[in-house]
Q: 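Just passing along the structure, written as structure tokens.
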Amino acid sequence: MLEIKGLEVKLEEEDKQILKGVDLSVEAGSVHAIMGPNGSGKSTLSYVLSGRDGYEVTGGSATLNGEDLLDIEPEERAAKGLFLAFQYPVEIPGVGNMTFLRTALNAQRKLRGEEEISSADFLKLVRAKAKDLKIDAEMLKRPVNVGFSGGEKKRNEILQMAMLEPKMCILDETDSGLDVDAMKLVSDGVNALRDEGRAFLVITHYQRLLDHIKPDVVHIMANGRIIKTGGPELALEVEKNGYADILSEVA
Amino acid sequence: MAAQLKPKLDALEARLASLSLPEGGWSAPARQDALARLGATGLPNARDEYWKYTRPDTLVAREAPAAAVFEASETPIFSGRDRLKITFVDGVFDPEQSDALELEGIAIERLAEAGTKDIHWAKDLYGVLEARGQSPVERPLAALNTAFATDGILIHVTGTPSKPVSLVYIHKDEGSDAILHHAVKVETGAEITLLENGPAAARFNKVLEVDVADGGKFHHVRAQGRDHERRAATHIFARLGEESLFKSFTMTANGVLTRNECVIEFTGDDAVAHVAGASMGDGDFHHDDTVFITHDAVNCESRQVFKKVLRNGATGVFQGKILVKKDAQKTDGYQISQSLLLDDDSQFLAKPELEIYADDVACSHGSTSGAIDDTALYYLRSRGVPLREAQDLLTLAFLAEALDEIEDDSLADEIRERLDGWLARRRG
Ligand SMILES: Nc1ncnc2c1ncn2[C@@H]1O[C@H](COP(=O)(O)OP(=O)(O)OP(=O)(O)O)[C@@H](O)[C@H]1O
Ligand SMILES: [Mg+2]
């Protein structure tokens, strides 16, 4: 589903190389996890894939279902099924959460040449999905993420994912800031979406999340590269021993 | 002083040559007084401090600069609601397009009939609040209006009418120069909503005087635009009694020159006044909100919320003053003026002022200019919202705080739809 080959990325404004040749292949139906020390480039990878400004691709490629991702606009990537749950969800004062969700859903449908969803169907859908995530009506009415607690923001990201039903879901530290119960809710939300035709790339620092969302493959990223790939046991090793061993192993 | 006054008096003389005093009847003394005020000040010019950011020349010129008639494709705003409609075409009352001037809870008269009908309550209001509003800052265009207004609507509110009074202004003549003067007296405990919309004329000078007695409520929602070439100088003068409420909101889309002045005076304790505006313009759009609020009573609340979206070299102006007199303790005054600059060519000129003589007050003001938030834009796009649509969504979000000042939800929704439609049409 997602193919990343030799991806090299630098900052647009500075001469600072952040990704130094990332290779990653995520098949449909699978869950991959990325772990790695702070500052290793995990979020940068997710931003570059989703089309954020400020980065320059200096080498390599990234495709979604065989189609080039890097040359198209962020909204087109979304319409093709890419979704990023942000490490730091953005507050948008003045835009209601409901308006935001409906606009996004309809915009994607339009870009794909599909019919817009009716108001009634939309309401039904959003209520059901919000209920699963214990997001109350009042939160839906508020401006996007404004005044939300850290955990509420993360749940709101998963609500968007549940509504938009993307094909390739990237979750950047969705577990950080979640209490134990919310972690369970969010994981259930993710697991409910697990499907043959969908894949997940879960960025996390902790094994805890991976207890709930069982990954098929675990990657370790360090200094702008994937330095090691393995099974779920790799995450357990990191949890126990930190990164020192792995880093020295490849050095 | 005299040297500065001379050109203003010369301008007045030139202007007066193209005007004639209407048959005044009961309004004649007020018109004479206004003429005398005008004779002392002359007409404003570019050197006036109060006209530093907005050139008054086309507003004071002898003839109205021509303005092409704009044919909107959409149905006029407010037309779908239950209302008492009163229409003026190029400043001339049109009975054909107006409802009968009757509504339970109010009495409606026309200024043009002043010569033949005595309207005692209007006599005590017409030109009175305008005259009070001439100090400490002179407003010659308003005095000119009082003297020469050809017509206007006079509303005496004694109850709570079931529907709003809706003034509709139609522009048909490219050279029309309209002067209208409305006066509303809201009696104790009474309540009214006044709506205004339409381009009015090539040049429009309008005054609205609103006297709200104790416990009275006045709501005002106005839509200007989206015709572009017309020029408008409008004034609202309001006087607020004890525990009264005054709320005025204006939406402006387009217009080469709009100057909306609002002068509010609190004379009774515990009253509330909110005045807000949301404007959007392009290119040679010039939009000026000038507000002066005088607190001369205890425990009153005033709020000014003005938002302007400017692009392609458009100019936005805000001059807002809160004056708190010595005995106006417990005053709560808030003022915010903000612009969203969609490019580097557009400019926002703001002059917020506080002048406070009481010691127990809470007043704040702020003014900002900014661009669209890139991070929010990316966030929206990452969810599939196309760039232009995302920009428009954030533009509406920017205006939201001003729209929140409209008390009636259905009116707020209608304004929001109009703004949305305006943006969507631009997107094509
Ligand atoms: N816009 C930027 N300006 C300057 N430095 C940047 C920018 N974006 C990323 N970086 C740098 O690139 C490196 C990678 O950052 P990134 O956020 O991708 O790390 P991460 O792996 O997600 O870290 P964490 O686990 O702490 O979230 C860091 O050193 C960071 O400071
Ligand atoms: Mg990160």
Side-chain angles (χ1 to χ4, degrees), chain A residues 46-55 69 72-97 99-112 114 142-146 153 156-157 159-161 163-166 169-170 172, chain B residues 249 251 276-280 305-309 336-340 342 366 368 370-406 409 412-413 415-417 419-421 423-424 427-428:
Chain A
S46 68
Y47 288 148
V48 170
L49 290 175
S50 70
R52 187 174 194 152
D53 280 346
Y55 303 100
L69 263 187
I72 58 177
E73 301 296 333
E75 54 269 32
E76 295 172 308
R77 302 180 196 201
K80 287 192 189 300
L82 186 77
F83 180 88
L84 168 63
F86 283 61
Q87 181 173 4
Y88 305 108
V90 179
E91 297 187 7
I92 314 185
V95 177
N97 221 359
T99 307
F100 170 60
L101 285 168
R102 198 178 47 232
T103 308
L105 189 59
N106 281 331
Q108 290 204 11
R109 288 181 170 222
K110 216 164 127 189
L111 283 171
R112 289 195 293 260
E114 299 166 11
R142 291 215 312 247
V144 180
N145 293 326
V146 177
K153 284 181 183 170
N156 201 28
E157 293 290 289
L159 172 64
Q160 292 165 36
M161 186 171 83
M163 292 292 295
L164 297 170
E165 300 185 324
C169 310
I170 305 174
D172 190 359
Chain B
F249 170 88
M251 169 184 78
S279 58
M280 306 202 283
V305 181
F306 288 91
K307 303 262 187 164
K308 297 177 202 281
V309 179
I336 182 92
S337 64
Q338 295 181 308
S339 73
L340 180 64
L342 296 178
T368 64
I372 282 203
D373 178 354
D374 280 338
T375 309
L377 198 61
Y378 159 61
Y379 190 64
L380 286 168
R381 296 179 76 192
S382 81
R383 297 303 182 244
V385 184
L387 175 63
R388 294 286 300 272
E389 209 177 327
Q391 282 169 335
D392 289 348
L393 202 57
L394 294 174
T395 300
L396 281 180
F398 165 78
L399 296 173
E401 192 189 354
L403 268 63
D404 284 346
E405 294 300 323
I406 304 171
D409 287 342
D413 287 344
I415 293 283
R416 197 172 295 110
E417 273 165 31
L419 290 167
D420 199 22
L423 289 166
R427 277 203 305 273

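Convention: sequence-line order gives letters A, B, ...; per-chain numbering from 1.
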Q: In terms of heavy-atom pairs under 4.5 Å, which option from B/Leu377, B/Asp373, B/Leu393 contacts chain A the most?
A: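 Looking at each option in turn, the highest pair count goes to B/Leu393.
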
Q: To the nearest 0.5 Å, tell me how far A/Thr99 OG1 sits from B/Arg416 CZ.
A: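 It comes to 8.5 Å.
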
Q: From A/Glu91 CD over to B/Thr375 OG1, what is the distance, rounded to the nearest 0.5 angstrom?
A: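 Between atom CD of A/Glu91 and atom OG1 of B/Thr375 there are 11.5 Å.
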
Q: Please report the closest heavy-atom contact between B/Arg383 and A/Ala104, naming both atoms and the distance.
A: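 For B/Arg383 and A/Ala104, the tightest heavy-atom pair comes out as O-CB, 3.4 Å.
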
Q: Parallel, tilted or perpendicular, judged at 30° and 60°: which one describes the rings of A/Phe86 and B/Tyr379?
A: perpendicular

Q: Can you name the closest pair of heavy atoms from B/Pro386 and A/Glu75 and give their distance?
A: CA-OE2, 3.5 Å

Q: Please say whether more than 12 non-hydrogen atoms of neighbouring residues, nucleotides or ligands are located less than 6.0 Å from NZ in A/Lys80.
A: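 Check fails, neighbour count at 12 or below.
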
Q: Can you tell me if CG on A/Asp53 sees more than 12 non-hydrogen neighbours from other groups inside 6.0 Å?
A: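 No, not enclosed.
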
Q: Measure across B/Ala397 and A/Pro93 and return the closest heavy-atom pair with its distance rounded to 0.1 Å.
A: CB-O, 3.4 Å

Q: Please identify, among B/Ala400, B/Ala376, B/Ala390, the residue contributing the most non-hydrogen atom pairs under 4.5 Å to chain A.
A: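 Among the listed options, the one with the most contacts to chain A is B/Ala376.
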
Q: Please look at A/Leu164 and chain B and tell me whether the side chain, the backbone, both or neither of the residue comes under 4.5 angstrom of a heavy atom of that chain.
A: side chain

Q: Please flag which part of B/Leu387 lies under 4.5 Å from any non-hydrogen atom of chain A: side chain, backbone, both or neither.
A: both

Q: Which atom pair, heavy atoms only, marks the closest approach of B/Gly384 to A/Gln108?
A: CA-CG, 3.9 Å

Q: What's the verdict on side chain to side chain contact (heavy atoms under 4.5 Å, CB included) for A/Ile92 and B/Leu380, showing C-alpha distance, side-chain angles and the deciding distance?
A: CA-CA 9 Å; A/Ile92 314 185; B/Leu380 286 168; 3.9 Å; yes

Q: For A/Arg52, is it the side chain, the backbone, both, or neither that has a heavy atom closer than 4.5 Å to a heavy atom of chain B?
A: both

Q: So, for A/Ala78 and B/Ser382, which heavy atoms are closest and what is the spacing to 0.1 Å?
A: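 Of all heavy-atom pairs spanning A/Ala78 and B/Ser382, the closest is CB-O, 3.4 Å.
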
Q: Heavy-atom cut-off 4.5 Å, strictly under: side chain, backbone, both or neither for A/Phe100 against chain B?
A: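 The side chain, not the backbone.
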
Q: Could you check which of A/Leu84, A/Val95, A/Val90, A/Val144 has the highest count of heavy-atom pairs closer than 4.5 Å to chain B?
A: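 The answer is A/Val90.
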
